[in-house]
Amino acid sequence: MKGKGIILSVVMLFVVQLSLSSCGEDDLKKAAKLSKKISLDTTRTTAVEIIYSDSAKVKAKGFAPVLDKITPSSGAILQEMPKGVKIEFLDDSLKITGSITSDYAIMKEVEKLTIFKKNVIVVNQNMTFNTEELTWDQNKQMFFSPRGVVTQPDGSFANAENFSAPQDFSYYKTGSGYGETYVKENFGE
């Protein structure tokens, strides 16, 4: 019985040494990083209306069923809209000129970026743009998307890659793509 106990102790000691020797310095650093705790302060607001103005003129109104303001102990403040958002663009007479809707959005305050995701639809009098991701860069006052479909009022469309448009969507640019357009019978006369 004593012999079995000694053998078992030696085997256990060997296993412990083997497992400790397999931990490198990098593994210990990773473990230390994982053990650090990040504290977040989250404030939830429901039925939110956001007004965006420039030079004391209202340019857009946003509506979100839920707005979570996330303030990490270190890092930038985020505003997340996990249940989606709808933004209506307004002219000087406060008439709606277009809109953006999405199932999810997040606003990064320091970077001044708003990222719309899932079922993103932009509508104005010139076009409808459907995509899964659209980024608003407030510094550049431009919208960007890796890909999407642009549909014109006449039914023509373009599958666009590297889409960009100014904040009023008065025009758009694409890097590449394909589509279908309609030409009037008297085109070129």
Side-chain angles (χ1 to χ4, degrees), residues 23-92 94-124 127-150 160-170 172-175:
C23 288
E25 190 174 320
D26 288 341
D27 293 333
L28 294 174
K29 286 180 184 176
K30 288 178 187 175
K33 285 181 184 177
L34 292 175
S35 68
K36 290 182 183 176
K37 293 187 179 190
I38 299 172
S39 64
L40 299 174
D41 179 30
T42 304
T43 306
R44 176 165 278 194
T45 308
T46 57
V48 176
E49 182 175 326
I50 303 164
I51 296 177
Y52 173 75
S53 63
D54 185 18
S55 302
K57 291 185 179 180
V58 175
K59 298 289 185 181
K61 285 186 179 181
F63 309 93
V66 175
L67 175 71
D68 292 333
K69 185 175 182 180
I70 304 164
T71 309
S73 58
S74 63
I77 295 172
L78 304 171
Q79 292 189 31
E80 184 179 41
M81 291 147 270
K83 303 245 181 211
V85 66
K86 179 174 185 172
I87 298 174
E88 295 175 338
F89 299 103
L90 306 169
D91 65 11
D92 291 339
L94 300 180
K95 291 183 183 176
I96 299 170
T97 60
S99 65
I100 295 177
T101 57
S102 69
D103 291 346
Y104 172 87
I106 189 164
M107 187 167 56
K108 300 178 178 183
E109 289 186 14
V110 171
E111 295 97 335
K112 294 190 176 185
L113 294 175
T114 302
I115 302 167
F116 303 90
K117 290 187 177 187
K118 297 180 188 170
N119 300 315
V120 182
I121 302 170
V122 178
V123 177
N124 72 11
M127 66 167 196
T128 300
F129 180 62
N130 295 287
T131 185
E132 286 301 307
E133 184 174 328
L134 181 69
T135 300
W136 160 243
D137 186 327
Q138 189 176 347
N139 291 325
K140 295 179 182 178
Q141 298 199 353
M142 294 284 292
F143 285 94
F144 300 95
S145 178
R147 70 189 56 78
V149 177
V150 179
E161 303 238 350
N162 300 317
F163 174 92
S164 65
Q167 67 182 7
D168 63 356
F169 285 96
S170 56
Y172 67 90
K173 293 181 185 179
T174 64

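The first residue in the sequence is number 1, and the count goes up from there.
- Here the closest heavy-atom approach between residue Asn124 and residue Asp168 is recorded as ND2-O, 3.8 Å.
- Between atom OG1 of residue Thr114 and atom CE of residue Met107 there is a gap of 5.5 Å, rounded to the nearest 0.5 Å.
- Atom CZ of Arg44 sits about 9.0 Å away from atom CD1 of Ile70, to the nearest 0.5 Å.
- When all heavy atoms of Met127 and Val150 are compared, the pair lying nearest together is SD-CG1, 3.8 Å.
- Taken from OG1 in Thr97 to CG in Asp91, the straight-line distance is 6.0 Å, to the nearest 0.5 Å.
- Contact of the Ile100 side chain with the Phe169 side chain is registered, since non-hydrogen atoms from C-beta on lie closer than 4.5 Å.
- For Tyr172 and Phe129, the ring centers sit 6.0 Å or farther from each other.
- Under the 4.5 Å side-chain criterion, counting only non-hydrogen atoms from C-beta, Thr128 is in contact with Ile121.
- Looking at heavy atoms from C-beta onward, Lys117 lies out of side-chain contact with Ile106 at the 4.5 angstrom threshold.
- Listed here is the closest heavy atom pair of Gln167 and Trp136: OE1-CH2, 3.2 Å.
- Annotation for Pro146 and Glu133: closest pair CD-O, 3.8 Å, computed over non-hydrogen atoms.
- Here CG of Leu67 is found 13.0 Å from CD of Glu49. Values are rounded to the nearest 0.5 Å.
- Here the shortest heavy-atom pairing between Phe143 and Pro166 reads CD1-O, 3.8 Å.
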Just distance, no hydrogens or angles: give the donor-acceptor pairs under 3.5 Å from side chains in residues 58-66, sequence neighbours left out.
none

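- Here the CD1-OG distance, from Ile115 to Ser145, works out to 11.5 Å after rounding to the nearest 0.5 Å.
- Thr131 contributes a side-chain N or O that, together with a main-chain N or O of Arg147, makes up a donor-acceptor pair within less than 3.5 Å.
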If you look only at distance, which donor and acceptor atoms sit under 3.5 Å apart when one is on a side chain in residues 78-90 and the other is two or more places apart or in another chain?
unit_1, atom_1, unit_2, atom_2, d
Gln79, NE2, Glu109, OE2, 2.6
Glu80, OE2, Tyr104, OH, 2.7

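- Partners of Ser102 by side-chain hydrogen bond (donor to acceptor under 3.5 Å, both in side chains), not counting sequence neighbours: none found.
- Taken from OG1 in Thr46 to CG in Asp68, the straight-line distance is 10.5 Å, to the nearest 0.5 Å.
- Side chains of Gln138 and Leu113 form no contact here, defined as non-hydrogen atoms less than 4.5 Å apart.
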